[in-house]
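Single-structure report; data block below.
Note that ligands are numbered from 1 as they come in the structure, with each ligand's atoms numbered from 1 the same way. Along the sequence shown, residues carry numbers from 1.
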Amino acid sequence: MKRFFPTLAGICLLCAAAAAQPQLGKDSIQQIVKAMTAEEKALLVVGANMDEGPWKGQILSGTGGITCALDKYGIPYTVMMDGPVGIRLYDYNTTCFPTGLLTAASWDKEAAYRIGEAIGEESIAMGNDVILAPGMNILRNPLNGRNFEYFAEDPVLTGLIAAAYINGVQSKGVGTSAKHFAANSQETNRLDGDSRLDTRTLREIYTKAFELCLRDSDPWTVMASYNYLNGEYTQESYDLLTKILRNDFGYKGLVVTDWTGKRNTPKQLHAGSDLFMGGSPKQTAHILESLENGSLKMEDLDRAATKVLELIVKTPSFKGNRPSLKIDMEAGAKTAREVAGDGMVLLKNDGALPASPAKTALFGVYSYDLIQGGNGAAWVNSPHVVSLAEGLQNAGFTLDGDLAELYKGYDAFITQDVKNNHKINVHVGVAQKPELEITRPLIERSAKDNDLAVITIGRISGEGRDRIMDREFLLQKNELALIEDVCKAYHAAGKKVVLVLNICSPVETASWKEKPDAILCAWLPGQEGGDAIADVLTGKVNPSGRLPMTFPNDYFDAEGAENFPYNFISDRANESVVHPERRGLPLKNIAYTDYSEGIYVGYRYFNTNNKAVSYPFGYGLSYTSFEYSSPSVKLRGNDIVASVTVTNTGSVAGREAVGLYISAPLGSFSDKPSVELKEFGKTRLLQPGESETLSFTVPVRQLASFNSAASRWETAKGGYRAYFGANALEPAAEAAFRIGSAKTYKVSRACEPAN
Ligand code: BGC
């Protein structure tokens, strides 16, 4: 068989300008595709080697990938950089914004838009054309290593926050990549794990987030995930990429593969994958061989080449952007700090907060080395991370110097020790540090000398590895002892203890949450985290974040919790366990994962089954109080319009996040979640006594459940209830409405499980 491996010489030959070739422009795309040889098209749809070619030396280290330049047609190379919380580069500083989970916890589309805008601006400065973000997989389980990059356990919160982020980035003329499509909620064996789920679950949960995101935004690219879905790679699934994404959701942009090596290239192209990243010459060769042996049709390659050119003409590179390599770090820091304050969630407050500047004992290694974000594609090389110690000092607190010295010494030692000896590797970023054991006499001494104690508990995770339930979801011996001993000593001295969670995803809280006087979930808050936490602790910012994921009492309380590799420990840096059976590993949860909970993910399970949780979805406290009035729902054409008035009835200014949950009649279904989030919003900063009316428009179609047998959405007729308030367990207001006649919406029959 004829082999075609493009070499540098080959690329240069192809690039050699030839007279009278059509030149790339918005209106010449079809003409160029017609003029191109098969080789040229095959080069265009496969990411180029960044270290070889005319662009050698121009690509910034850490760049995710580039598309191939073909000078002959005036096609420049274009650049794609990671990732969701800021631009990941190795030799340049960029701003590390708060992570996705915090952004979603703000319940504030404007906050997501602002982060997007800022990343768009930094992209222009660094010569980036497409940011490989937002990450928008569903938080199916608290242990997924990439949860911090993603948004929520709910598809509406996920999809609409993602859309706002995309609109923000693209308002600056830079592209996005809504990733990873779809059902990619686990890192273990991430390249080859099979997510097994029924069609209703796929539609109502895992693709719903993308459906809504595509309704409200138009990402230049969608990234097809690594995993299998019901036995077929998503990148090779015509059902997923063409029937669902293109036909049902109407997506017109480009589908890029997650950074996979060679798979069944003609099958991927036929399915609807347009651009193969990071790209290997083997894929180019495979395309040409497949054309020759008839397993690939030219029309599939033409479609992909057209999509790539349609993308390229939109890019800053095509439009002549000259990267300045200078970022406005001050503007980035301002946005990072403000959004961080918007998404922190106050979980408990027995009168400890807001706190005035005081003599403070600061415990926990992460108090002195705040975790800004997580590892992998979302890692950001920020110039400086504001620790909580710095943040509190900036806010006027005086820290216990002896304790600070002790922790700084320990931090220096443990950072090195973890680097040298850590058992759990990470491929980009840093590993989890164990907590220091502090003796009781030291704690008791500190309780005499200080007026307040603050403890930080930290958790980091990242791409390529899921968290381990025993070691990372549960608090460890030293951490529990620290909480116990500090609370005892400070309470005995009549003083308060505040606990800060600097975490990538939920941890167990039920067994110890009674002890501290206040608990603030600060997530991974980006580079300005320390100042942002201090803003909330002092009341400069009134907390208004609400949980985007349930904190269960016990890990196993969630339906399907055992269907996850919850205590799987691997010695690999990047635990993509190809062929688990070859390594003698169990197949269940590694080779395949049953999404046995179906649509009952997170609050859909806990609320419907009245099962107690530690902190429910939508939970969060404020320093003020709000009252809801005039709830109403009206039918207007094909929409419902729901509105409610929120009044600040407390004594300080604050913002209130409001969810619109709907409880629907069963119709032809034997079960439905008790309530489901359909929209949300946030008030402006309301002064005491001030009111705002929030109004939500939801298409009647979005009240539907998915009937798999008939392959259609069905909105039942009958009596509905609308609940207002972020916390679905304790809605603040409700209203009834009726849908007079049932409605059905037919879609493709697609992605059905084998049996
Ligand atoms: C990740 C993507 C990322 C890509 C490029 C992959 O391993 O899954 O999220 O955008 O690498 O770095």
Short N or O contacts of ligand 1 with protein, under 3.5 Å, listed by atom name?
from: ligand 1; atom 1: 7 (O); to: Arg190; atom 2: NH2; distance (Å): 3.1
from: ligand 1; atom 1: 7 (O); to: Tyr226; atom 2: OH; distance (Å): 2.7
from: ligand 1; atom 1: 7 (O); to: Glu463; atom 2: OE2; distance (Å): 2.7
from: ligand 1; atom 1: 8 (O); to: Arg146; atom 2: NH1; distance (Å): 2.8
from: ligand 1; atom 1: 8 (O); to: Arg190; atom 2: NH1; distance (Å): 3.3
from: ligand 1; atom 1: 8 (O); to: Asp258; atom 2: OD1; distance (Å): 3.3
from: ligand 1; atom 1: 8 (O); to: Asp258; atom 2: OD2; distance (Å): 2.7
from: ligand 1; atom 1: 9 (O); to: Arg146; atom 2: NH2; distance (Å): 2.9
from: ligand 1; atom 1: 9 (O); to: Lys179; atom 2: NZ; distance (Å): 2.9
from: ligand 1; atom 1: 9 (O); to: His180; atom 2: NE2; distance (Å): 2.7
from: ligand 1; atom 1: 10 (O); to: Asp82; atom 2: OD1; distance (Å): 2.6
from: ligand 1; atom 1: 10 (O); to: Lys179; atom 2: NZ; distance (Å): 3.1
from: ligand 1; atom 1: 12 (O); to: Asp82; atom 2: OD2; distance (Å): 2.4

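- Within the cation-pi definition used here (under 6.0 Å to the ring centroid, within 45° of the axis), Arg140 qualifies as a partner of Tyr595.
- Paired with Gln268 under the rule side chain to side chain donor-acceptor pair (under 3.5 Å), one option of Gln235, Gln283, Glu236, His286 passes, and it is Gln235.
- A 4.5 Å side-chain heavy-atom check between Asn375 and Ile460 finds at least one atom pair inside the cut-off.
- Counting non-hydrogen atoms of other residues, nucleotides and ligands closer than 6.0 Å to NZ of Lys56 gives a total of 12 or fewer.
- Applying the ring pair (Phe, Tyr, Trp, His ring centres under 6.0 Å) test to residues at least two apart or on different chains, the pairs with a partner in residues 92-149 are Trp107-Phe617, Trp107-Phe680.
- Evaluated for a side-chain contact (heavy atoms from CB on, under 4.5 Å) with Val256, the options Leu132, Val308, Leu275 yield exactly one hit, Leu275.
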